2 protein chains.
Amino acid sequence: MSVEAVNEHVSDVCAAGDPSEAPGITLTGLVFETAGGLRRALAPGIESELGLGGLALEVLVRLERSPGTRLRMIDLAAQTGLTPGGLTRAIDRLANAGFVCREACPDDRRGAFAALTPLGRTRTDEALRRHERDIEALIAGVLDTSETETLVALLRRLRDRVRPEAARVTGDSEAPKTVPPS
Amino acid sequence: MSVEAVNEHVSDVCAAGDPSEAPGITLTGLVFETAGGLRRALAPGIESELGLGGLALEVLVRLERSPGTRLRMIDLAAQTGLTPGGLTRAIDRLANAGFVCREACPDDRRGAFAALTPLGRTRTDEALRRHERDIEALIAGVLDTSETETLVALLRRLRDRVRPEAARVTGDSEAPKTVPPS
DNA sequence: GGAAAATGATTGCTTGGGCAATAATTGCTG
DNA sequence: CAGCAATTATTGCCCAAGCAATCATTTTCC
């Protein structure tokens, strides 16, 4: 938040180099440092594609991959790990940019959907392609295919413990049964 | 990181679940999601030990493990991934809390050292022990020893590509030769 | 030696997101 | 059915950190 920004921007250990240290400290330290480094390196590309930050891209991608390319605000907040207030602000920015719009929820008047606009969809695809190229360029040669698969599998287990809601790619917040997917 | 969150609050892909996706996208998504989840889970412990965020703990630990338990501001910024301005603020907070003090640099009047105080050292050790317990409690049973070692080794390679300066645990910014380590 | 360029720390301004409060709505219970 | 608790999205306030500007100092180059 950094972000990680960092607070992902929270990185709390230089122990990522001390061999006598508890493995948990080393592991978390490496995760935070890696996240911080990736964010800093990839942010400019996302900024130039969307004029927004990395979390905006995550929101857009999650919407794109949800039924009707929309999600309930409360579900989107849970998936992204933002508080409701944080998500409100993020959707405000995305709506101002024309990538997202808000739709009322007929089943629950407290709630609202965040939905991708046609422009949002186009820009999401473009940004994601750019993002992918940036990532490949950044980490080329570090790990081979097998190592990457191993890392992904192990990281996924750790992620599933600390952020299970993030795995909800298609979401359960489906469009109401009375409205066909758009 | 919050601070983070930083933007580490940056998490940019829900693709961490899509099997047809580019491996780089999946991998970075998992890193960001894991980092965000760890931060959110571990922040309260650090807050209750230090009254500060996770990055403050990282700063303290890096100082503790540097010659003379101090580091040049510019080196500390590079290691933590903070901008000079961001580090200035962080050191301000740590100095206000009595954990850190600033020392002039005789060899270069532009520069300053951030040095751990005795109180800072005590509190760092306590906070680190607490942190370690929190981590172990959080991720108990997710990975066995071998899997953890594998994950650490692979992550370290990725980290070394995206954040090489973070690996400088003891730093090169040694105390000037004319001053013995304190 | 002196001018220009580079460096290091700080500061003003801005951005993004958390926390707590709020209002409207919904679900649960007697 | 009514009251209460829980839920949902938003908003005011605040915090942390990035960016750019600034100033003092050091390094580089002619």
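The model shown is predicted, which means the values in this text are computed figures rather than measured ones. No hydrogens, no waters, no symmetry mates; every other heavy atom, side chains included, goes into these values. Naming convention: chains lettered A, B, ... in sequence-line order (proteins, then strands); numbering from 1 in each chain.
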Which letter, B, S or -, goes with each nucleotide of nucleotides 22-28 of chain C from 5' to 3', with contact meaning a protein heavy atom under 4.0 Å?
-> --BBS--
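The backbone N or O of Ala140(B) lies less than 3.5 Å from a partner atom in the side chain of Arg161(A), making a donor-acceptor pair. Counting only distance, with no hydrogens or angles, the side chain of Arg93(A) and the backbone of Leu52(A) share no donor-acceptor pair below 3.5 Å. In this structure a side-chain-to-backbone donor-acceptor pair under 3.5 Å is missing from Arg62(B) to Leu76(B). Side-chain N or O atoms of Glu147(B) include one that pairs as donor or acceptor with a backbone N or O of Asp144(B) at under 3.5 Å. Checked by atom type and distance alone, the side chain of Arg157(B) pairs as donor or acceptor with a backbone atom of Val142(A) at under 3.5 Å.
In this structure, CD1 of Ile74(B) is placed 19 Å from P of dA24(D), rounded to the nearest angstrom. Atom CZ of Phe32(A) and atom P of dA17(D) are 13 Å apart (whole Å). Distance Met73(B) CE to dA17(D) P: 13 Å, rounded to the nearest Å. Following rounding to the nearest Å, Glu103(A) (CD) and dA9(D) (C1') show an atom-to-atom distance of 16 Å. At whole-Å resolution of the value, CG in Leu76(A) and P in dG17(C) are 12 Å apart. What separates CG of Leu55(B) from P of dG18(C) is a distance of 17 Å, to the nearest Å. Distance, Ile46(B) CD1 to dC15(D) P: 19 Å, rounded to whole Å. Put simply, CG on Asn96(A) is 14 Å from C1' on dT15(C), counting in whole angstrom units.
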Applying salt bridge (charged side-chain N to carboxylate O under 4.0 Å, His left out), run through Arg133(A) and Glu136(A) and close with a yes or a no.
-> CA-CA 5 Å; Arg133(A) 293 197 303 272; Glu136(A) 296 307 324; over 6 Å; no
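When each of Ala90(A) and Ala112(B) is assigned the nucleotide of DNA chain C with its nearest heavy atom, Ala112(B) is the one assigned upstream, toward the 5' end.
Arg89(B) contributes a side-chain N or O that forms a donor-acceptor pair with the base of dG18(D) under 3.5 Å.
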Please tabulate, one pair per line, all N/O donor-acceptor pairs under 3.5 Å involving side-chain atoms of residues 111-120 of chain B, not counting sequence neighbours.
| unit_1 | atom_1 | unit_2 | atom_2 | d |
| --- | --- | --- | --- | --- |
| Thr117(B) | OG1 | Gly98(B) | O | 2.6 |
| Thr117(B) | OG1 | Phe99(B) | O | 3.0 |
| Thr117(B) | OG1 | Gly120(B) | N | 2.9 |

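Of the side-chain N and O atoms in Arg93(A), none sit less than 4.0 angstrom from OP1 or OP2 of dT15(C). Phosphate contact (OP1/OP2 of dA9(C), side-chain N/O of Arg102(B), threshold under 4.0 Å): absent.
Using a 4.0 Å heavy-atom criterion, one finds that Gly85(A) contacts the bases of the nucleic acid, with or without backbone contacts as well.
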